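What follows is a set of notes on a single structure, which appears directly below.
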Amino acid sequence: MPATVDTQPVSRPNRLLTQNRELKAIGVWNWTLPAWAGRLPDGRTYNTCPAAGICRQVCYARNGTYLWPAVRRRHHANLAFVLDDLAGWEVAMTAELGARRHRGAWIRIHDSGDFFSDDYLLAWLRICRARPDQTFYAYTKEVSRFRRLVEPEPPANFLWVYSYGGTEDHLLDPAVDRVADVFPAEEAIAAAGFSSQEASDLLAVIGPRLVGIPANRIPRFVRTLKGRRFSQWQADEDIRRRRRTADTARRPRIATGEAVRER
């Protein structure tokens with residue numbers, strides 16, 4: 001959570017979809033939320049990435065321009081609209097997608113944040129079906145939520161890629177699922193049999209099924225990554241967590257204020 005909290009009240013955004021420089025270059029519009037956990041100006045706490053694992057330690061959306069006050073206020077306004085009036089937000093998003101500038105466009109759902117609840121994901125699926133002339137895509141770590149709500153009957157114009165680095169990595173099967181992994185360097189991607197999406201973000205959903213993403217070269221992120229892929233780092237963390245849980249279970253239990261020794 002940020003050390004400082006923006007207490008300026010948020011108002012509903014006039015436009016919901018934006019374009020950053022990278023996505024504008026390939027003709028993609030995007031919708032964004034604040035990344036991971038934080039606090040809205042009204043004091044409410046949130047977690048827009050409930051399945052985030054090690055990725056939260058090196059998240060690009062918790063760095064740089066994403067921390068500028070004006071950018072944070074915009075992201076907070078987007079989230080507040082969803083939380084306060086999901087039905088109204090769905091109507092507004094569907095209507096905005098009907099504008100001429102979005103005709104036939106690609107829409108990236110989240111350049112930060114994720115599908116944090118069933119209701120929110122279902123709203124996006126309805127939006128996709130209501131706007132069949134656009135193509136929507138997303139990265140997500142919400143594997144079990146997608147297994148339940150999307151995979152049985154996905155909209156024809158919705159594409160997704162599961163990204164490693166989350167607490168549900170163990171549910172992924174790279175032999176079947178479209179998956180994206182973050183690598184410490186571009187050359188490591190090909191060596192692992194993955195295909196880079198560096199040339200275009202759209203390659204994550206229309207290119208080969210095993211997607212490689214070169215890590216951000218932010219110095220502190222590079223030091224934290226220690227030359228590992230996200231999938232490897234998360235697997236190591238999962239092992240450590242299981243060991244900690246097992247160690248805790250083996251400790252003497254406390255009952256009525258006294259230690260109960262294991263026999």
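Quick note: numbers below take in every heavy atom, side chains included, and nothing from hydrogens, waters or symmetry partners. Numbers for residues simply follow the sequence, beginning at 1. Note that the structure is predicted; figures quoted are calculated from it, not measured.
- Shown here for Leu159 and Val205, the closest heavy-atom pair between the two residues is CB-CB, 3.8 Å.
- No side-chain donor-acceptor contact under 3.5 Å links Gln232 and Asp236.
- In this structure, Trp233 and Gln57 have side chains that are in contact, with non-hydrogen atoms separated by less than 4.5 Å.
- When all heavy atoms of Asn20 and Asn30 are compared, the pair lying nearest together is N-OD1, 3.7 Å.
- Put simply, the side chain of Pro208 does not reach to within 4.5 Å of the side chain of Leu210, judged on heavy atoms.
- Centroid-to-centroid, the aromatic rings of Tyr120 and His110 come within less than 6.0 Å.
- A salt bridge between Asp133 and Arg103 is absent, with no side-chain N of the basic residue lying under 4.0 Å from a carboxylate O of the acidic one.
- Ring pair Trp160/Tyr137: centre-to-centre distance not below 6.0 Å.
- Side-chain atoms of Arg228 come within 3.5 Å of backbone atoms of Thr224 as a donor-acceptor pair (strictly under, hydrogens ignored).
- In this structure, the side chains of Leu17 and Leu97 come closer than 4.5 Å at one or more pairs of heavy atoms.
- Side-chain atoms of Phe116 and Leu121, non-hydrogen and from C-beta on, never get closer than 4.5 Å to each other.
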Could you go through residues 169-176 and list every donor-acceptor pair under 3.5 Å that involves a side-chain atom there, pairing it with any protein atom two or more places apart or in another chain?
residue	atom	partner	partner atom	Å
Asp169	OD1	Gly165	N	3.2
Asp169	OD1	Gly166	N	3.0
Asp169	OD2	Gly165	N	2.9
His170	ND1	Thr167	O	3.4
Asp173	OD1	Ala175	N	3.0

Derivation and outcome, ring-ring contact (aromatic ring centres under 6.0 Å, His included), residues Phe115 and Phe146: CA-CA 9 Å; Phe115 299 93; Phe146 266 60; 5.3 Å; yes
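- We find that Arg15 and Glu96 are not joined by a salt bridge, their nearest charged nitrogen and carboxylate oxygen being 4.0 Å or further apart.
- Between Arg241 and Asp238 there is a salt bridge, with a side-chain nitrogen of the basic residue lying less than 4.0 Å from a carboxylate oxygen of the acidic one.
- Using a cutoff of 4.0 Å between basic side-chain nitrogens and carboxylate oxygens, Asp247 and Arg240 are not scored as salt-bridged.
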Can Tyr66 and Tyr60 be said to form a ring-ring contact (aromatic ring centres under 6.0 Å, His included), step by step? CA-CA 8 Å; Tyr66 285 85; Tyr60 70 92; 5.7 Å; yes
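- Through chains of ILVMFWY side-chain contacts below 4.5 Å, Trp68 is grouped with Val71.
- Contact annotation: the side chain of Ile213 never approaches that of Phe230 to less than 4.5 Å [non-hydrogen atoms, C-beta and beyond].
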After noting the C-alpha distance and the side-chain angles of Asp114 and Lys141, does the key distance pass the salt bridge (charged side-chain N to carboxylate O under 4.0 Å, His left out) rule? CA-CA 8 Å; Asp114 207 338; Lys141 292 179 172 64; over 6 Å; no
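- Sorted by first and then second residue, the salt bridge (Lys or Arg N to Asp or Glu O under 4.0 Å) pairs involving residues 210-220 (not counting sequence neighbours) form an empty list.
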Under the salt bridge (charged side-chain N to carboxylate O under 4.0 Å, His left out) criterion, do Arg244 and Glu237 qualify, and how do the steps go? CA-CA 10 Å; Arg244 287 195 298 268; Glu237 180 60 30; 3.4 Å; yes
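- Side-chain contact between Leu122 and Leu149 is present, with heavy atoms from C-beta onward closer than 4.5 Å.
- Proximity of the aromatic rings of Phe183 and Phe194 is defined here by a centroid distance below 6.0 angstrom, and this criterion is met.
- Of the charged side-chain nitrogens involved, none lies within less than 4.0 Å of a carboxylate oxygen, so that Asp84 and Arg12 do not count as a salt-bridged pair.
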